[in-house]
Amino acid sequence: MQIGTTLNQFLLEEQRHLGGVHHDLPALVNDVVVACKSLSHALSQGALAGMLGSADSENVQGETQKKLDVISNDIMIATAERGGYLAAMASEEMDEIYPIPVQYPKGKYLLLFDPLDGSSNIDVNISVGTIFSILRCPAGVMIPTAEDFMQPGTQQVCAGYALYGPSTLLVLTTGHGVNCFTLDKSLGEFVLTQTNLRVPEDTREFAINASNSRFWEKPVKRYIDECLAGKDGPRKENFNMRWVASMVAEVHRILNRGGIFMYPRDSKDPTKAGRLRLMYEANPMSFIIEQAGGVCSTGREPIMSIQPIELHQRVAVILGSKNEVERVVAYHAEG
Ligand code: F6P
Ligand code: MN
């Protein structure tokens, strides 16, 4: 498709071209994207609109909510609930699922989202994002429950993220490659700026929160030690390191120039399988990265093959350039 095509046109043409069953998908994605545009505007106002700081509340995972976590969640709900394309939503910021209220028509999709990923970065004006995943509502379900969301990542119909950085970007897959759109603020439209993104198979750049190193498992420690040893070590090459602490920003960097991102399982809190959430962080990012030729694993199994058992389940995440992720997976197999 031509660079400069608007997101709406792109989605309509893609669905027409595929002749598929997802006639409502362009309109649903458009609703999600309207929320992202609105949030992009709110974020750009920052302190001018009193948007920064804490909301004096906690989410279900016990994390302090920022004002913008709450605002962004409200914006997404208000924008996506009335279109008639959804049966229910679920979000990082809500304990329970959100069924579409009775006054609105009900649709055949389920929307999961992290309204403001990397929100610890908000108050210091570093990039943040919105991550979303779209599933089908199981056939015949009139009133969805959390159980209806328990579908592995392989069942996703669409996944995407908005990255609020120097420019606002939207990266999207419907299972036919990955494309990137840039928000043209004068038009109020996302416009196609990169087609068919591919993650380079090799990389010499890793991203991990090294302050957790004393809690890492052996295979992760081995991999990072080898990277750090550089030219003098077994890899015989120097590696670079980056850590933004916004998953959206790390994934976007990896999509564009390769890299490996890890938030692995560790012994810091043995009750948690990892830091990141499976349903609205790891799965949508895995769908995007794998559609771009990258690999996503927990170290032990492909992320998208995991059968979820709860909405806010956490998972170990190792994703990015194929050859490096496969190396870490091999180290896990060796024990
Ligand atoms: O949503 C979780 C998240 O904010 C990710 O965006 C990011 O990758 C990670 O947590 C940062 O973790 P830490 O605070 O340990 O650096
Ligand atoms: Mn997040």
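Counting starts at 1 for both ligands and their atoms, following the listed order.
- Taking the six-membered ring where tryptophan is involved, the planes of Phe261 and Trp243 are essentially parallel, since the angle between them stays under 30° and well short of 60°.
- Atoms of ligand 1 lying under 4.0 Å from any heavy atom of Tyr263, numbered from 1 in the order shown and given with element: 12 (O), 13 (P), 15 (O).
- Every atom of ligand 1 with a heavy atom of Asn209 under 4.0 Å away is listed here by number and element: 13 (P), 15 (O), 16 (O).
- Close approach to Arg277 involves these atoms of ligand 1, each under 4.0 Å from a residue heavy atom: 1 (O), 2 (C).
- Heavy-atom contacts of Met247 reach the following atoms of ligand 1: 5 (C), 6 (O), 7 (C), 8 (O) (cutoff under 4.0 Å).
- Closest approach between the Mn ion (ligand 2) and any N/O/S atom of Glu281 involves OE2.
- Only the backbone of Ser246 comes within contact range of ligand 1, with a heavy atom under 4.0 Å; no side-chain atom does.
- In summary, Arg222 and Asp225 do not engage in a salt bridge, as defined by a charged side-chain N under 4.0 Å from a carboxylate O.
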Query raised in the report: Yes or no on salt bridge (Lys or Arg N to Asp or Glu O under 4.0 Å) for Arg204 and Glu237, after CA distance, side-chain angles and deciding distance?
Result: CA-CA 8 Å; Arg204 296 293 169 261; Glu237 285 197 78; 2.8 Å; yes
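- Counting heavy atoms closer than 4.0 Å to ligand 1, residue Leu276 contributes side-chain atoms (C-beta onward) but none from N, CA, C or O.
- If you check which protein heavy atom lies closest to atom 16 (O) of ligand 1, you get Trp243 NE1, 3.0 Å.
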Query raised in the report: Could you walk me through whether Asp202 and Ser321 pass the side-chain hydrogen bond (donor to acceptor under 3.5 Å, both in side chains) check?
Result: CA-CA 6 Å; Asp202 292 297; Ser321 293; over 6 Å; no
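- The distance between the ring centers of Phe181 and Phe10 falls below 6.0 angstrom.
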Report task. Begin with the C-alpha distance, continue with both residues' side-chain angles, and end with the deciding distance and a verdict on side-chain hydrogen bond (donor to acceptor under 3.5 Å, both in side chains) for Glu217 and Tyr331. Result -> CA-CA 11 Å; Glu217 294 180 328; Tyr331 288 2; over 6 Å; no
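- Within ligand 1, counting atoms from 1 as listed, the ones closer than 4.0 Å to a heavy atom of Gly118 are 4 (O), 6 (O).
- Residue Glu281 has at least one N or O atom closer than 3.5 Å to an N or O atom of ligand 1.
- Between Glu92 and ligand 1, a contact under 3.5 Å exists for no N or O pair.
- Asp114 contributes atom OD2 as its closest N/O/S atom to the Mn ion (ligand 2).
- For the pair Ser120 and ligand 1, no heavy-atom separation below 4.0 Å is found.
- For Arg16 and Glu13, the salt-bridge test fails: no basic side-chain N is under 4.0 Å from an acidic carboxylate O.
- Ion pairing between Lys322 and Glu290 fails under the 4.0 Å rule for side-chain N and carboxylate O.
- Between Asp117 and ligand 1, at least one pair of N/O atoms sits closer than 3.5 Å.
- Distances from the Mn ion (ligand 2) to the N/O/S atoms of Asp117 are shortest for OD1.
- Between Arg275 and ligand 1, an N or O atom pair is found at a separation short of 3.5 Å.
- Using a 4.0 Å cut-off between charged side-chain N and carboxylate O, Arg242 and Glu250 make no salt bridge.
- No side-chain heavy atom of Ile3 sits less than 4.5 Å from a side-chain heavy atom of Gln194.
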